[in-house]
Protein chains: 2
Amino acid sequence: MAKQPQSTVAVNARLTKGSQKVLQLLEKRNSLSTAQEIHSLLRNEDESAPGLTTVYRALESLVALGLVQSVELGDGEKRFELVTPGEHHHHLVCERCRESIHLDQCLVEDLESAIKTKYGFAVTGHILEIFGVCKRCK
Amino acid sequence: MAKQPQSTVAVNARLTKGSQKVLQLLEKRNSLSTAQEIHSLLRNEDESAPGLTTVYRALESLVALGLVQSVELGDGEKRFELVTPGEHHHHLVCERCRESIHLDQCLVEDLESAIKTKYGFAVTGHILEIFGVCKRCK
DNA sequence: GTAGAATTGAAAATCATTTTCAAAAGCGAC
DNA sequence: GTCGCTTTTGAAAATGATTTTCAATTCTAC
C-alpha cells in the first residue's frame, strides 16, 4: 500500500468512493495526469471503476480540499497531481520526455512583497510552469 | 527568448489582409483579447471584416512572427496582445476589474542559469501569470 | 487574361469539460 | 429490516473554444 500523510488519511474517511479511487491512483502515479488518463487507468484495472464524470467531480473536490493541484501546461488540458496538503509547487517540464521536475521553491511567493511594494498589487494566486530539455534528454 | 530583428513595417507588407486587420485592432486595443472578442470588435466597425476562422489563422501567424503573444490565464481561453517584436512579458491580472499590469522584467529569464546549474535543465519557454487585486480595486 | 497558388469563410468536426436527470447507494429514524 | 430522504453516480446530451474541411474567391506571375 502507498504511504499516506496523516491528514490525507483523516480526510480520506470523508471522501466519496469515487474520490477515494482517484486519490489512490494519484498516490501510485505521482506524475501529472489528465482526467481522461486517470479514468482509463482506473478502468484498466477495474471495469467497474468510476465513470469519467465522477472522475471530474472527484478531482474538483480533491482540489477544493487541497490534496490535489490542477496544473495548466497551455495545451488546453488540465493535469492533476498530489500535493502536500494545502501547498503547491511548480515544474520544469521536459519537452522531449514529458517528465516533470518539481521545484522546491515558489518563485512568485518569494516576490509577493516586492510586487506589493512596487505595484500596490496584492497577489492571491499564480500560474507558473517552465518548459525545456532535462538533463537526461539533453 | 529569441529576438526577432525584422521591423513591424517590413513584416506588415507580407501579411494577409486578415492578419493586417487583426494587427491593427490589437494596436488600438493594447489589452488582452480573446479571438472571439477580436472578431466581434472587427465586425462591429465593419461588417465585411474577417470571419472568425480567419481571425484564428491571423493570430496563429502573428504569433509565429513574434508580433503577438498568446497568454494563458487558466480559464481555457487564449488571450492575445501585441508585444515588442520577438519579446514577451507577463502580467499582474486583477481579479476584480480584469485589468492587467505588464511586468517589465521576466522572473524566469533571470533564473534560467540558476535552473541550469541546479537541475541541468535547459529552459526554452515558460508560462507565468500572477493573479490578485490591483491598487485601485483594493 | 489565365492558370496555379494562397486566402477566405461557413459549416461541420473535434475535444475537453460541464450539465442534466434519472437510477442507485447511503443513511438515519422508527 | 424498511421507509423516506439525501448524496453519489453515470450515460448521454450540451457547451464552448478551437480546428478542419472544402468550395469559392482573391492574388500573382507570366
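Hydrogens, waters and symmetry mates are skipped; everything else that's a heavy atom, side chains included, is used. Chain A is the first sequence line, chain B the second, and so forth, proteins listed ahead of strands; every chain is numbered from 1.
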Novice: What I'd like to find out is whether the side chain of A:L15 reaches to under 4.5 Å of the side chain of A:L65, using heavy atoms alone.
Specialist: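 Yes, at least one pair of side-chain atoms sits under 4.5 Å.
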Novice: Whole-Å distance between C:dA25 C1' and A:Q20 CD?
Specialist: 14 Å
Novice: Any chance you could lay out the side chain to side chain contact (heavy atoms under 4.5 Å, CB included) test for A:K135 and A:I101, step after step, and finish with the verdict?
Specialist: CA-CA 11 Å; A:K135 193 185 266 178; A:I101 300 166; over 6 Å; no
Novice: Could you tell me which residues satisfy side-chain hydrogen bond (donor to acceptor under 3.5 Å, both in side chains) with A:K118, sequence neighbours excluded, listed by chain and number?
Specialist: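 Testing A:K118 for side-chain hydrogen bond (donor to acceptor under 3.5 Å, both in side chains), a comparison that skips the adjacent residues, returns B:D104.
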Novice: I need the A:E60 CD to A:S70 OG distance, nearest 0.5 Å.
Specialist: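 Separation between the atoms: 11.0 Å.
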Novice: Could you state the atom-to-atom distance from CZ of B:R43 to C1' of C:dA10 in whole Å?
Specialist: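 B:R43 atom CZ is separated from C:dA10 atom C1' by 10 Å.
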Novice: Tabulate below the donor-acceptor pairs under 3.5 Å that side-chain atoms of residues 86-96 of chain A make, not counting sequence neighbours, or state none.
Specialist:
{"residue": "A:H88", "atom": "NE2", "partner": "A:H90", "partner atom": "NE2", "Å": "3.3"}
{"residue": "A:H88", "atom": "NE2", "partner": "A:H126", "partner atom": "NE2", "Å": "3.2"}
{"residue": "A:H89", "atom": "NE2", "partner": "A:Q69", "partner atom": "NE2", "Å": "3.4"}
{"residue": "A:H89", "atom": "NE2", "partner": "A:E81", "partner atom": "OE2", "Å": "2.8"}
{"residue": "A:H89", "atom": "NE2", "partner": "A:H91", "partner atom": "NE2", "Å": "3.4"}
{"residue": "A:H89", "atom": "NE2", "partner": "A:H102", "partner atom": "NE2", "Å": "3.3"}
{"residue": "A:H90", "atom": "ND1", "partner": "A:L128", "partner atom": "O", "Å": "2.9"}
{"residue": "A:H90", "atom": "NE2", "partner": "A:H126", "partner atom": "NE2", "Å": "3.0"}
{"residue": "A:H91", "atom": "ND1", "partner": "A:E129", "partner atom": "OE1", "Å": "2.9"}
{"residue": "A:H91", "atom": "NE2", "partner": "A:E81", "partner atom": "OE1", "Å": "3.3"}
{"residue": "A:H91", "atom": "NE2", "partner": "A:E81", "partner atom": "OE2", "Å": "2.6"}
{"residue": "A:E95", "atom": "OE1", "partner": "B:T124", "partner atom": "OG1", "Å": "3.1"}
{"residue": "A:E95", "atom": "OE2", "partner": "B:T124", "partner atom": "OG1", "Å": "3.1"}
{"residue": "A:R96", "atom": "NH1", "partner": "A:C137", "partner atom": "O", "Å": "2.9"}

Novice: Once you round it to whole Å, what is the distance between C1' of D:dT9 and NZ of A:K21?
Specialist: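 Checked: the NZ to C1' distance equals 12 Å.
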Novice: Please report, rounded to the nearest Å, how far the C1' atom of D:dA17 is from the CG atom of A:D75.
Specialist: 14 Å
Novice: Nearest-Å distance, NE2 (B:H39) to P (D:dG16)?
Specialist: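 After rounding, the gap between these two atoms is 17 Å.
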Novice: Whether the side chain of A:S48 engages the backbone of A:D46 through a donor-acceptor N/O pair (distance < 3.5 Å, no angle test) should be reported.
Specialist: no
Novice: I'd like a list of close polar pairs between nucleotides 23-30 of chain D and the protein, N/O only, cut-off under 3.5 Å.
Specialist:
{"residue": "D:dC27", "atom": "OP1", "partner": "B:K17", "partner atom": "NZ", "Å": "2.3"}

Novice: Applying side-chain contact (heavy atoms from CB on, under 4.5 Å), name anything that partners A:E77, two or more places apart in sequence or on another chain.
Specialist: A:T34, A:D75, A:R79
Novice: Reckon A:T54 has a side-chain N or O less than 4.0 Å from the OP1 or OP2 of D:dG10?
Specialist: yes
Novice: Which whole-number value in Å describes the distance from A:E60 CD to D:dT7 C1'?
Specialist: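 So the CD-C1' distance, A:E60 to D:dT7, works out to 15 Å.
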Novice: Please name all residues satisfying side-chain contact (heavy atoms from CB on, under 4.5 Å) with A:T54, sequence neighbours left out, ordered by chain then number.
Specialist: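 A:P50, A:R57.
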Novice: Tell me the interatomic distance from A:E47, atom CD, to D:dT9, atom P, rounded to whole angstroms.
Specialist: 18 Å
Novice: Quick one: which protein N/O atoms are closer than 3.5 Å to N/O atoms of nucleotides 14-22 of chain C? Pair and distance per line, please.
Specialist:
{"residue": "C:dA16", "atom": "OP2", "partner": "A:Q36", "partner atom": "NE2", "Å": "3.4"}
{"residue": "C:dA16", "atom": "O5'", "partner": "A:Q36", "partner atom": "NE2", "Å": "3.2"}
{"residue": "C:dT17", "atom": "OP1", "partner": "A:K78", "partner atom": "N", "Å": "2.9"}
{"residue": "C:dT17", "atom": "OP2", "partner": "A:Y56", "partner atom": "OH", "Å": "2.7"}
{"residue": "C:dT17", "atom": "O5'", "partner": "A:Y56", "partner atom": "OH", "Å": "3.4"}

Novice: Without decimals, in angstroms, what is the distance between A:R14 CZ and C:dC27 C1'?
Specialist: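 That distance rounds to 18 Å.
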Novice: If the test is side-chain contact (heavy atoms from CB on, under 4.5 Å), which one of A:V55, A:V63, A:L32 qualifies with A:F80?
Specialist: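 Only match with A:F80 under side-chain contact (heavy atoms from CB on, under 4.5 Å): A:V63.
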